[in-house]
Amino acid sequence: MIRITLPDRSVKEYPEGVTGLEIAKNISEKLAKEVYAVSVNGQVYDLTFPIEKDAEIKLYTWDDAEGRHAFWHSSAHLMAEALESLYPGIKLCIGPSTDNGFYYDIDPCGHNISEKDFPEIERKMIELARQKNRFIRKEVPKEEAIDHYRKEGNEYKVELINEFEDETITFYLHGNFSDLCRGPHLPDTSYIKAVRLLNIAGAYWRGDENRKQLTRIYGISFPKQKLLDRHMEMLEEAARRDHRRLGKELELFTFSRKVGSGLPMWLPKGARLRERLENFLKKVQDDYGYDPVLSPHIGQKELYITSGHYEKYGESSFRPINTPAEGEEFMLKPMNCPHHCEIYKSSPRSYKDLPVRYAEFGTVYRYEQSGELHGLTRVRGFTQDDAHIFCRPDQLKEEFIKVIDIVFIIFNALEFSDFEIHISLRDKEEKENYIGTDENWEKAENAILEATREKGLDAKIVYGEAAFYGPKLDFMVNDALGRKWQLGTIQVDYNLPERFDLEYTGADNEKHRPVMIHRAPFGSMERFVAVMIEHTAGRFPLWLAPEQAVIITVSEKFEFYAKKVLKFLNNYDIRALVDNRNEKVGRKIRDNEMKRIPYLLVIGEKEAESGKISVRRQGEGDKGSMELEDFAAMVTNEVKKQTTSTNKPIVN
RNA sequence: GCCGAUGUAGCUCAGUUGGUCAGAGCAGCUGAUUUGUAAUCAGCUGGCCGGGGGUUCGAAUCCCUCCAUCGGCUCCA
């Protein structure tokens, strides 16, 4: 007998070779039906894996990522089986599960598979799933595995196996299908009850654009049809929140083919909204001792050669602009930091002057490949809420922490809670991608690690994500459709100060090199607003809403009173307008609700006589009548609460 | 940039195999109605069917080519 410890620390005895599935059955029949994988001493296995020794185990169901991964990974195999049967001769490449389903990359070898074929593939998958074929794990010597795929003519799998260190390769079989795979998998195919293929796209073999482009099919599957239905509803809701759609509906921004792709233009409502965000940050920056600077949109090529941007991105950026007579070469500025370095150099600096904090809402232009452009989140011209802090090495950590505080002031004010923090370090295997000495990189990376530790941030270290001149602390959020976007970023940089030969005179009367922090709490105004739109589904907090109130007249007869109310609200800086269209009240309420106006003020005979207003809060319905003064006070307070940052720092 | 899909009024979309196929709803305009908490009624105006080229007696529809958008891949200072 062996002793099995469950997550609740309870211990049970089972015969040697007991499986996860048997343990689940022993606990309850219901659990046995819902469990998909098991971990034994931290390692995830098939439910049919025999456990030979005392172990700690955990059973995974749909509610666990591990359970879903096993489910989806098995679904990927099922899809591959369906594809092989429908399109004989295709070659399988790789087919993993993801956090959101699964995909399989295949070389179609002449077959033409398109979305139109999805229903047929789905049908086939369900048909195969119902055969209830068991997933069987099989270990094969490396040579035999290579031989198998050589015979099959699948050079992709041969390449994969050749790179494995292990001498034994595992396969999973079910029915007549077999695939190179580590597992784990479901006990059998019948668990998969509902399948939906989502999209089809090209994907390079091993993510290398110089290699063959394969066909990737994405799908998702569920143990119940109901769960699939719910998932599809969720995707529809996400599509409704899509900032590209809402941006158009709410008249926030627009694109023009004639102006050029990837070049957003802000409509009045969007521009005002962006201004509010900018002013909010400016206020915070004033509190934190930042000084504004302004720099031009272009700079000499030489500037970017000095900064290193030219060497790194010159080839793939917008072509330089030449002056006709002198032949000078200018580049559209892709970053504000080189300009800010030159501003720093404009006068000699003493250690007493530091830190110097230069802030600018700087508009930059970057060439993005056409296939990359995406609404406001990936554009060719955008405005960074940029600032550069030049400080002494002994001030670095404190300054870095203050920047983290600013990021949180903003996230708090905007009720952003769903974000991840990445510590983006360099990939030491590929040092050629970065400038600067190992020593400086070590210092910069340690500064970030220390600061995040000190702030107790839950951050994930990601290697290879650093900027070419320094490591970063990045704040990432998910959009409505689950795509990840980088918002705020804080970067430590020892390299640009060196390249620009920045100096300050120390207490010892010697020249010293300052350290630089690059930071942008919003990241880019465009991307931030996009994420705001999706995050709030267009229902902005009151202080940001383009219109805070719309006055709805019960009939055109009450326009005189509506104008009076409007004037009153305007005196309190409440953004309001009058809807005096020749429509019924119900219609006006509906239209303005759809425009996501926070407060609707209905006025008719009663209100005109009593000098009150009837207040309706968005999404909450009728709130009854109110005195004008009370409403104004309520709105003013709400705005104040949203925009007041509680922890004001004392600077220098 | 690569793979695939899409492109018809301001918006959302119909338009079977090429031949009254240039349509609908919403928006807009005009009029009637003067309205009490999520769509009042009627009429009218909107389109070089993304651009260019071709096939054909005839193209929104078929072919080529640009452009843009969408979903991915690669990239992202």
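Per chain, numbering begins at 1; letters A, B, ... match sequence-line order.
Across all strands, A:G207 comes closer than 4.0 Å only to sugar-phosphate atoms, never to a base (heavy-atom distances). Counting non-hydrogen atoms under 4.0 angstrom, A:Q369 reaches a base of the nucleic acid. In this structure, A:Y218 reaches the sugar-phosphate backbone alone: every heavy-atom distance under 4.0 Å involves primed, P, OP1 or OP2 atoms, never a base. Counting any heavy atom pair closer than 4.0 Å across all strands shown, A:A201 reaches a base atom. Residue contacts shown for A:E605 include a base, since a base heavy atom lies under 4.0 Å away.
A:L252 has its CG atom 16 Å from the C1' atom of B:rC11, to the nearest Å. Atom pair A:D117:CG and B:rG4:P shows a separation of 14 Å (rounding to whole Å applied). Between the P atom of B:rC73 and the CG atom of A:L198 lies a distance of 13 Å, rounded to the nearest Å. Per the geometry, CZ belonging to A:R426 stands 16 Å off P belonging to B:rA77, to the nearest Å. If you measure from atom CZ of A:F558 to atom C1' of B:rG36, you get 9 Å, rounded to the nearest angstrom. Rounded to a whole Å, the CD atom of A:E251 is 13 Å from the C1' atom of B:rG28. Rounding to whole angstrom units, CZ of residue A:F255 and C1' of B:rA68 are separated by 12 Å. Between the CD atom of A:E368 and the P atom of B:rA77 there is a distance of 9 Å, rounded to whole Å.
Taking atom C1' in both B:rU61 and B:rA22, the straight-line distance is 12 Å, to the nearest Å. Nucleotides B:rA59 and B:rC66, compared at atom P, are 23 Å apart to the nearest Å. Between the C1' atoms of B:rU34 and B:rU40, the separation comes to 11 Å (whole Å). Distance check on atom C1': B:rC21 versus B:rA5 gives 25 Å, rounded to whole Å. Between B:rU6 and B:rG15, the two P atoms lie 13 Å apart (nearest whole Å).
The base of B:rG1 lies close enough to the side chain of A:Y204 for a donor and an acceptor atom to sit less than 3.5 Å apart. Residue A:R378 places a side-chain atom within donor-acceptor reach of the base of B:rC75, judged by atom type and a 3.5 Å distance cut-off alone.
Ranked by how close their nearest RNA chain B nucleotide is to the 5' end, A:E209 and A:E115 are led by A:E115.
Because its glycosidic torsion is within 90° of 0, B:rG46 is reported here as syn.
In terms of the ring pair (Phe, Tyr, Trp, His ring centres under 6.0 Å) criterion, residue partners of A:H374 (sequence neighbours excluded) are, by chain and number, A:W485. Evaluation of the side chain to side chain donor-acceptor pair (under 3.5 Å) rule for A:T553 yields A:N580, A:K588 as partners, not counting sequence neighbours. Taking A:F361 as the reference, nothing meets the ring pair (Phe, Tyr, Trp, His ring centres under 6.0 Å) condition, with sequence neighbours excluded. The ring pair (Phe, Tyr, Trp, His ring centres under 6.0 Å) check on A:F568 picks up A:Y572, with sequence neighbours excluded.
A close approach under 4.0 Å does occur between a side-chain nitrogen or oxygen of A:R483 and OP1 or OP2 of B:rG71. When the side-chain nitrogen and oxygen atoms of A:Y104 are compared with OP1 and OP2 of B:rG72, none of them lie within a distance under 4.0 Å. Side-chain N/O atoms of A:S370 include one lying less than 4.0 angstrom from OP1 or OP2 on B:rG1. Between A:R366 and B:rC76, a side-chain N or O to OP1/OP2 separation shorter than 4.0 Å is absent. OP1 or OP2 of B:rG71 lies within a sub-4.0 Å distance of a side-chain N or O belonging to A:H374.
With no hydrogens or angles considered, no side-chain donor-acceptor pair links A:E465 and A:H422 at under 3.5 Å. Under 3.5 Å, the side chains of A:H518 and A:D493 contain a donor-acceptor pair of N or O atoms.
Sorted by first and then second residue, the pairs that involve residues 204-215 of chain A and meet salt bridge (Lys or Arg N to Asp or Glu O under 4.0 Å), not counting sequence neighbours, are A:D107-A:K212, A:E159-A:R206, A:E159-A:R211, A:E163-A:R206.
Using modelled atom types, no side-chain atom of A:Q548 and backbone atom of A:P598 make a donor-acceptor pair closer than 3.5 Å. A distance-only check finds no donor-acceptor pair linking the side chain of A:D105 to the backbone of A:C93 [under 3.5 Å]. For the pair A:W441 (side chain) and A:I435 (backbone), a donor-acceptor distance under 3.5 Å is present. The backbone N or O of A:Y156 lies less than 3.5 Å from no partner atom in the side chain of A:K91, so there is not a single donor-acceptor pair. Using modelled atom types, one side-chain atom of A:D385 and one backbone atom of A:F522 make a donor-acceptor pair closer than 3.5 Å. In this structure a side-chain-to-backbone donor-acceptor pair under 3.5 Å is missing from A:E498 to A:R513.
The nucleotide whose nearest atom lies closest to any side-chain atom of A:K606 is, among B:rG36, B:rU12, B:rA77, B:rG36. Minimum atom distance to the side chain of A:K557 is reached by B:rU34, of the listed B:rU34, B:rC70, B:rG1. Of the candidates B:rC75, B:rC73, B:rU34, the closest approach to any side-chain atom of A:E556 belongs to B:rU34.
Heavy-atom distances under 4.0 Å link RNA chain B to A:H309, A:Y313 of residues 309-317 of chain A, given in residue order. Within residues 257-266 of chain A, the residues that have a heavy atom under 4.0 Å from RNA chain B are, in order of number, A:R257, A:S261. Near RNA chain B, defined here as any heavy-atom distance below 4.0 Å, the residues from residues 329-342 of chain A are A:P334, A:M335, listed numerically.
For A:Y599 and A:F631, the ring centers are positioned less than 6.0 Å apart.
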Atom pairs and distances, side-chain donor-acceptor, residues 110-120 of chain A, under 3.5 Å, sequence neighbours left out:
from   : atom 1 : to     : atom 2 : distance (Å)
A:H111 : NE2    : A:P88  : O      : 2.7
A:S114 : OG     : A:K116 : N      : 3.3
A:D117 : OD2    : A:S114 : N      : 2.8

Can you give the donor-acceptor pairs under 3.5 Å from side chains of residues 256-265 of chain A to other protein atoms, not counting sequence neighbours?
from   : atom 1 : to     : atom 2 : distance (Å)
A:S256 : OG     : A:K258 : N      : 3.0
A:S256 : OG     : A:V259 : N      : 2.9

| note | Readout for nucleotides 37-43 of chain B: B = base within 4.0 Å of protein heavy atom, S = sugar-phosphate only, - = neither; 5' to 3' it is BBBB---
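Base pairing in RNA chain B gives the following stems of 3 or more Watson-Crick or G-U pairs, range against range and under 3.5 Å: B:1-7 with B:67-73, B:10-13 with B:23-26, B:28-32 with B:40-44, B:50-54 with B:62-66.
Between A:E360 and the options A:Q384, A:H340, A:H339, a side chain to side chain donor-acceptor pair (under 3.5 Å) holds for only A:H340.
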| message | Evaluate A:R587 against A:D591 for salt bridge (charged side-chain N to carboxylate O under 4.0 Å, His left out), listing each step before the verdict. | response | CA-CA 6 Å; A:R587 173 57 179 273; A:D591 287 352; 3.0 Å; yes
| said: Could you walk me through whether A:R590 and A:E593 satisfy the salt bridge (charged side-chain N to carboxylate O under 4.0 Å, His left out) test, starting with their C-alpha distance in whole Å, then the side-chain angles of each, then the deciding distance to 0.1 Å, before giving a yes or no? | reply: CA-CA 5 Å; A:R590 182 186 147 81; A:E593 281 278 352; over 6 Å; no
